[in-house]
Engineer: 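Encoded as structure tokens, here's the structure I'll be asking about.
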There are 2 protein chains.
Amino acid sequence: MTLKHNDSDCQIGYTITMPRSGEPARRRLQQAAVELFCERGYDQTTTAEIAARAGVTERTFFRHFPDKREVLFDGQAILREMLTVAIAEAPVTLQPLEVLYRAFRSVEQLLEDNRPFSVPRQQVIDRAPALQERELAKVAALAEALALALRQRGVGERLAALAAQTGMATFRYAVASWFADPAGGLGTHLDRAFDELDGLAASSSTRKARRRR
Amino acid sequence: MTLKHNDSDCQIGYTITMPRSGEPARRRLQQAAVELFCERGYDQTTTAEIAARAGVTERTFFRHFPDKREVLFDGQAILREMLTVAIAEAPVTLQPLEVLYRAFRSVEQLLEDNRPFSVPRQQVIDRAPALQERELAKVAALAEALALALRQRGVGERLAALAAQTGMATFRYAVASWFADPAGGLGTHLDRAFDELDGLAASSSTRKARRRR
DNA sequence: TTTCGTTATGTCAGTCTATGACTCTAAAAC
DNA sequence: GTTTTAGAGTCATAGACTGACATAACGAAA
């Protein structure tokens with residue numbers, strides 16, 4: 001209890017009237033979690049240890065995050081917001097996948113800026129199956145948001161879902177290869193991934209006739 | 001140490017001892033789990049209750065299933081096997097998505113037979129976020145298996161991953177609409193889903209030129 | 001300043017999932 | 001028969017969460 005946050009009013013003084021924001025503790029918890037997960041791995045780290053390093057109690061951890069995994073998944077909101085806005089604002093003449101391609105390009109800078117944090121985070125996730133499950137859930141939710149945004153542009157119900165899934169898979173693919181090799185920036189990897197998707201689409205042109213007996 | 005396989009040319013007669021099958025208990029646990037999940041929901045059911053209804057101890061539950069969720073996910077192995085075989089045996093001239101389409105058609109009967117069990121199971125999953133996460137993980141693993149099977153046909157590394165993801169999304173989409181409306185069988189829904197995917201692909205033809213500045 | 005309402009946090013007791021270590025038992029193999 | 005072996009029971013415990021209540025910090029109003 002004798003915890004006087006000496007680090008209050010650090011950079012951004014959110015001036016809105018709000019008694020005790022709780023944000024500093026939240027950030028300390030996230031920081032402590034990433035550190036400990038990197039040092040010992042996800043399974044070998046207890047929530048009590050995370051809380052201790054952050055200078056709070058275990059109960060406080062669960063007030064800020066609904067479960068142990070969630071402490072690593074917090075940036076999705078901004079990403080979703082930017083993508084849906086980009087989709088909504090895209091020229092009406094564009095086809096679904098083109099809309100998505102442009103939306104992904106529009107968050108390029110955001111991801112580039114976050115790279116120093118994202119890469120170690122991804123390493124942690126890649127080593128813990130429980131975290132991979134959560135990530136897949138987040139990706140699915142994001143794809144659902146993209147589909148919704150597409151529908152609001154007039155894209156058909158079912159086509160929107162398919163396009164969102166396909167676009168999302170392509171995006172994830174590009175991000176993964178950009179994580180492994182930052183050369184050329186995310187844009188280069190996005191272009192290559194969507195080019196390959198084009199190839200996949202083109203190769204299916206002969207399929208329809210063949211399928212119909 | 002004293003592992004005496006009857007070492008002579010054994011391929012099929014591989015059965016090294018098998019005291020007490022353990023299969024009945026396993027099935028009772030699965031049955032009890034589905035029932036209880038339907039009655040009270042996943043979160044409101046404890047592993048102890050499942051075990052009690054199956055007539056075994058809670059400890060035995062965790063000997064058969066690594067965690068509480070896994071009791072609902074057990075049929076994936078057969079499905080994966082059938083799909084990978086179908087992919088491996090498809091004519092070499094076919095394009096990736098056509099290969100996947102045919103593979104999915106080849107498991108149609110299996111899914112139709114399992115429908116009485118699959119539909120209530122899916123209802124349970126749809127109501128429990130924790131189960132949805134696990135399902136997404138299973139789907140991702142299956143997609144990875146499909147990609148591997150495609151690569152062994154000579155499909156490029158990256159293209160295989162993209163095709164598997166896209167095909168899997170389309171398949172899931174078809175299954176979901178077949179769950180909702182069994183009319184015409186799964187085949188009809190598969191055809192429609194892949195037709196829509198074709199539409200998505202066709203609409204991207206103008207994209208490449210536009211993207212290049 | 002004091003008081004008051006709001007909010008973050010602490011404290012504590014408890015439930016549930018999951019696992020390790022051990023024993024017991026029945027069926028299979030000899 | 002005897003031995004082997006794996007399924008199942010028992011006990012103890014760690015760790016992830018949760019509800020209930022008390023307390024401390026802070027902003028705002030008196």
Side-chain angles (χ1 to χ4, degrees), chain A residues 1-9 13-30 32-33 36-37 40-72 128-131 133-134, chain B residues 1-8 10 13-30 32-33 36-37 40-72 128-131 133-134:
Chain A
M1 34 356 218
T2 54
L3 252 183
K4 322 259 192 215
H5 342 125
N6 35 8
D7 53 18
S8 53
D9 61 84
Y14 24 87
T15 48
I16 315 170
T17 65
M18 269 273 192
R20 251 172 113 195
S21 76
E23 269 309 296
R26 185 185 183 85
R27 262 190 279 272
R28 280 201 313 266
L29 282 165
Q30 291 174 323
L36 286 168
F37 291 165
R40 306 181 213 170
Y42 174 81
D43 287 324
Q44 284 67 45
T45 303
T46 71
T47 53
E49 289 168 338
I50 299 171
R53 180 171 296 201
V56 295
T57 27
E58 191 179 13
R59 192 67 182 84
T60 293
F61 177 94
F62 287 105
R63 287 214 180 84
H64 282 280
F65 307 100
D67 61 60
K68 184 182 171 188
R69 308 175 196 170
E70 202 63 14
V71 71
L72 275 186
L131 293 175
E133 286 197 19
R134 177 57 51 86
Chain B
M1 28 351 252
T2 55
L3 247 177
K4 305 186 189 251
H5 329 134
N6 18 3
D7 35 83
S8 53
C10 53
Y14 205 128
T15 53
I16 327 174
T17 82
M18 240 317 225
R20 263 174 98 187
S21 74
E23 272 307 297
R26 185 185 182 85
R27 261 190 282 270
R28 279 201 313 261
L29 282 165
Q30 291 174 324
L36 286 167
F37 291 166
R40 305 182 214 169
Y42 175 80
D43 288 323
Q44 284 66 45
T45 304
T46 70
T47 53
E49 290 168 336
I50 299 172
R53 180 171 295 202
V56 296
T57 331
E58 189 178 13
R59 191 67 182 85
T60 295
F61 178 94
F62 287 105
R63 287 214 181 82
H64 282 281
F65 308 100
D67 60 61
K68 185 182 170 187
R69 308 176 196 171
E70 202 64 13
V71 72
L72 277 184
L131 292 175
E133 285 196 19
R134 178 56 53 85

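Lettering of chains follows the sequences in order, A, B, ..., and the numbering in each one begins at 1.
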Engineer: With rounding to the nearest 0.5 Å, note down the distance linking CZ in A:Arg134 to CG in A:Leu72.
Structural biologist: 10.0 Å
Engineer: Not counting sequence neighbours, which residues clear side-chain hydrogen bond (donor to acceptor under 3.5 Å, both in side chains) with A:Thr60? List them please.
Structural biologist: A:Thr57
Engineer: If I take atom OG1 from residue A:Thr47 and atom CG from residue A:Leu29, how far apart are they, to the nearest 0.5 angstrom?
Structural biologist: 10.5 Å
Engineer: Which distance, rounded to the nearest 0.5 Å, do you find between the CD of B:Glu49 and the CZ of B:Phe37?
Structural biologist: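 Between atom CD of B:Glu49 and atom CZ of B:Phe37 there are 10.0 Å.
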Engineer: Measure the distance from CZ on A:Phe37 to C1' on D:dA16 and round it to the nearest whole Å.
Structural biologist: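 From A:Phe37 CZ to D:dA16 C1': 12 Å.
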Engineer: Taking side-chain hydrogen bond (donor to acceptor under 3.5 Å, both in side chains) as the test, write out the residues that go with A:Asp43, two or more places apart.
Structural biologist: none
Engineer: Expressed as a whole number of angstroms, how long is the span from A:Glu23:CD to D:dC26:C1'?
Structural biologist: 16 Å
Engineer: Fill in the dot-bracket string of DNA chain D, one character per base: . for unpaired, | for a pair to another strand, ( ) or [ ] for pairs within the strand, taking Watson-Crick or G-U pairs under 3.5 Å.
Structural biologist: ||||||||||||||||||||||||||||||
Engineer: Once each nucleotide of nucleotides 15-20 of chain C is scored for protein heavy atoms under 4.0 Å, what B/S/- sequence comes out, 5' to 3'?
Structural biologist: -SBBBB
Engineer: Salt bridge (Lys or Arg N to Asp or Glu O under 4.0 Å): which pairs involve residues 54-65 of chain B, sequence neighbours left out?
Structural biologist: none
Engineer: Quick one: list whatever passes side-chain hydrogen bond (donor to acceptor under 3.5 Å, both in side chains) with A:Arg26, sequence neighbours left out.
Structural biologist: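 Applying side-chain hydrogen bond (donor to acceptor under 3.5 Å, both in side chains) to A:Arg26 gives A:Asp74.
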Engineer: Given atom CD of A:Glu70 and atom C1' of D:dC17, what is their separation to the nearest angstrom?
Structural biologist: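 In whole Å, D:dC17 C1' lies 14 Å from A:Glu70 CD.
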Engineer: Can you see if the side chain of B:His64 gets near the phosphate of D:dG7 - specifically, an N or O under 4.0 Å from OP1 or OP2?
Structural biologist: no
Engineer: At less than 4.0 Å, is any side-chain N or O atom of B:Thr60 found next to OP1 or OP2 of D:dA8? Yes or no.
Structural biologist: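 Checking B:Thr60 against D:dA8: no side-chain N or O falls below 4.0 Å of OP1 or OP2.
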Engineer: In Å and rounded to the nearest 0.5 Å, what is the CD to CD1 distance from A:Gln30 to A:Ile50?
Structural biologist: 11.0 Å
